[in-house]
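What you are looking at is a predicted structure, and each value in this text was computed from that prediction instead of being measured.
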Amino acid sequence: MTGIHTSGEKHLVLASGRAHPALAKAVAEELGIELLPVTAYDFANSEIYVRFDESIRGADVFIIQSITTPVNKWIMETLIMLDAAKRASAKRITVVLPTYPYARQDKKHKGREPISARLMSDLLTAAGAERIMAVDLHASQIQGYFNGPVDHLWAMPTLVEYVRGRIDPADTVLVSPDAGRIKVAEQWAKRLGGVPLAFVHKTRDITRPNQATANRVVGDVSNKTAVIVDDLIDTAGTIVGAVRVVLEAGAKDVIVAATHGVLSDPAVSRLQESGLRELIVTDTLPIPEEKRFPQLTILPIAPVLAHAIEEVFNDGSVTSLFDGAF
């Protein structure tokens with residue numbers, strides 16, 4: 001017999017950055033483990049220090065970090081954690097990014113622009129990530145930027161299960177906020193029992209960030225509950241515009257469902273005044289109390305992340321998550 005064989009068991013370790021500790025704790029509870037103790041703090045000049053307080057030699061390390069505001073700080077902390085894990089002789093390192101940073105900069109709109117989503121992939125690779133997990137990437141092609149396995153997880157089963165209990169499929173229409181998300185809307189419509197589809201015709205000025213104009217609804221929404229679905233809500237300009245034109249087209253009420261609740265100012269005030277019945281998001285990002293309002297519902301994403309981590313650790317199938325089979 002050649003080589004050396006050991007009888008040691010595989011060892012899963014979950015470590016969290018400081019951006020969204022509540023989510024990391026919830027994932028650990030779903031897995032039935034404790035988070036790896038980590039020492040992390042900022043120096044006076046804002047540089048970041050990280051150290052794992054227990055040995056991770058030979059471990060299958062999962063580093064979870066939700067990239068929220070301030071985005072660049074948490075990106076840097078994630079890179080430092082990856083580097084620390086690599087230098088501590090982790091066997092395999094997976095970075096779990098419930099929200100992938102710079103995902104909206106996935107291509108060049110004009111000359112002399114960066115493709116920042118690709119840059120993020122290169123940085124994660126250089127820092128030591130061998131695998132990436134992310135929930136509802138803004139653009140699917142981002143999976144191809146990383147030269148290794150990418151687990152593109154869906155929040156759709158979680159959101160659909162909740163929305164199904166809030167509507168009557170007989171008088172519901174599924175609305176995409178723009179033509180580019182029609183394929184996602186089709187999957188939503190199928191899961192909700194084959195409800196009809198509509199979409200909002202939208203124009204965007206690529207020279208002005210967070211600026212879009214909703215022009216009209218293509219499809220019949222009259223006297224129906226309109227369910228508008230999107231991957232993220234940042235300043236809410238697109239969604240509020242979609243709500244407005246849908247209501248103007250005769251919808252009796254509007255439910256909005258999105259995976260990532262970024263909710264940058266002035267999103268909260270816009271949404272509260274928009275006339276929507278309910279906004280449903282997951283907790284991929286922390287939403288502080290001052291950004292919560294009566295129409296907001298937050299669903300847990302921890303079960304999805306925990307199941308994916310468990311499947312990867314056990315060399316199982318992550319694909320089963322696409323059908324909500326967990």
Side-chain angles (χ1 to χ4, degrees), residues 14-31 35 62-75 77-78 81 94-104 106 117 120 124 129 131-140 142-143 150-163 177 181 184 188 228-236 238-239 256-264 267-268 271 278-289 291-292 296-310 312 318 321-322 324 326:
L14 180 64
S16 173
R18 294 176 291 167
H20 194 358
L23 176 58
K25 184 179 179 181
V27 173
E29 289 176 351
E30 290 282 339
L31 291 168
L35 289 170
F62 293 81
I63 295 173
I64 182 169
Q65 182 84 292
S66 292
I67 309 299
T68 186
T69 305
V71 168
N72 296 329
K73 174 180 179 177
W74 300 130
I75 289 173
E77 181 175 275
T78 304
M81 292 182 75
T94 300
V95 58
V96 182
L97 300 170
T99 51
Y100 188 94
Y102 287 91
R104 285 174 284 182
D106 61 298
M120 285 308 313
L124 293 167
R131 190 183 194 108
I132 293 176
M133 281 186 186
V135 181
D136 286 347
L137 292 168
H138 186 69
S140 294
I142 292 173
Q143 297 172 82
V150 176
D151 299 305
H152 186 193
L153 310 180
W154 288 6
M156 188 186 299
T158 301
L159 293 165
V160 167
E161 182 180 2
Y162 178 84
V163 170
R181 306 220 25 110
V184 174
W188 264 86
I228 302 176
V229 296
D230 209 346
D231 63 322
L232 64 85
I233 299 176
D234 190 355
T235 59
T238 294
I239 286 295
V256 175
T259 303
H260 310 298
V262 182
L263 303 184
S264 303
V268 172
L271 290 163
E278 186 174 11
L279 169 64
I280 307 152
V281 298
T282 72
D283 61 352
T284 55
L285 291 166
I287 300 178
E289 286 298 325
K291 289 190 176 183
R292 302 190 180 200
L296 177 66
T297 298
I298 304 173
L299 303 180
I301 200 66
V304 175
L305 295 172
H307 187 80
I309 289 170
E310 196 167 28
V312 168
V318 179
L321 284 171
F322 296 162
F326 61 93

**Steps toward side chain to side chain contact (heavy atoms under 4.5 Å, CB included) verdict (Asp136, Trp154)** = CA-CA 5 Å; Asp136 286 347; Trp154 288 6; 3.8 Å; yes
**Asked** Just how far is it from atom CG of Leu232 to atom CD1 of Ile239, taken to the nearest 0.5 Å?
**Response** 9.0 Å
**Message:** Can you confirm whether Met133 sits close enough to Val312 that some side-chain heavy atom of one is under 4.5 Å from a side-chain heavy atom of the other?
**Reply:** yes
**Asked** Would you say the side chain of Asp230 lies within less than 4.5 Å of the side chain of Val256, judging by non-hydrogen atoms?
**Response** no
**Fill in**
One should read off an interatomic distance between Leu23 CG and Thr284 OG1, to the nearest 0.5 angstrom, of 8.0 Å
**Request:** Check whether any side-chain heavy atom of Leu296 lies under 4.5 Å from a side-chain heavy atom of Ile287, and answer yes or no.
**Result:** yes
**Message:** So Val229 and Arg181, do their side chains get closer than 4.5 Å, heavy atoms only?
**Reply:** no
**Complete:** In terms of heavy-atom contacts, Pro300 and Thr158 come closest through O-CG2, 3.9 Å
**Complete:** Residues pairing under salt bridge (charged side-chain N to carboxylate O under 4.0 Å, His left out) where one sits in residues 14-26, two or more places apart or in two chains, turn out to be Arg18-Asp42, Arg18-Glu77
**Distance, nearest 0.5 Å, that separates CG of Leu137 from CD1 of Ile132** = 9.0 Å
**Request:** Return the minimal non-hydrogen interatomic distance between Ile63 and Met81, and the atom names on each side.
**Result:** CD1-O, 3.6 Å
**Request:** Would you mind telling me which of Thr99, Asp231, Asp106 makes a side chain to side chain donor-acceptor pair (under 3.5 Å) with His138?
**Result:** Asp231
**Message:** Measuring only between side-chain heavy atoms, which start at C-beta, is Leu285 closer than 4.5 Å to Val262?
**Reply:** yes
**Item:** CG-OG1 distance between Leu271 and Thr235, expressed to the nearest 0.5 angstrom
**Value:** 9.5 Å
**Message:** How close do Ala19 and Ser66 get, counting heavy atoms only, and between which atoms?
**Reply:** CB-O, 3.0 Å
**Fill in**
Closest heavy-atom pair, Leu299 versus Tyr162, reported as atoms and distance to 0.1 Å, is CD1-CB, 3.7 Å
**Message:** What's the separation between atom OG1 in Thr94 and atom CD1 in Ile64, rounded to the nearest 0.5 Å?
**Reply:** 12.0 Å
**Asked** Is the closest side-chain heavy-atom distance between Gln65 and Val95 below 4.5 Å?
**Response** no
**Message:** Keeping Tyr100 on the side-chain end and Ala117 on the backbone end, is there a donor-acceptor pair under 3.5 Å?
**Reply:** yes
**Asked** Can you name the closest pair of heavy atoms from Val318 and Ala308 and give their distance?
**Response** CG2-O, 4.3 Å
**Prompt:** Are any of the side-chain heavy atoms of Glu30 and Leu305 separated by less than 4.5 Å?
**Reply:** no
**Message:** Return the OG1 to CD1 distance between Thr259 and Ile280, rounded to the nearest 0.5 Å.
**Reply:** 11.5 Å
**Request:** Taking the side chain as every heavy atom from C-beta outward, state whether Ile75 and Tyr102 have any atom pair closer than 4.5 Å.
**Result:** yes
**Request:** Please step through side chain to side chain contact (heavy atoms under 4.5 Å, CB included) for the pair Leu97 and Leu124, ending with a clear verdict.
**Result:** CA-CA 11 Å; Leu97 300 170; Leu124 293 167; 3.8 Å; yes
**Message:** Restricting to non-hydrogen atoms, name the atom on Ser140 and the atom on His152 that form the minimum distance, rounded to 0.1 Å.
**Reply:** OG-CE1, 4.1 Å
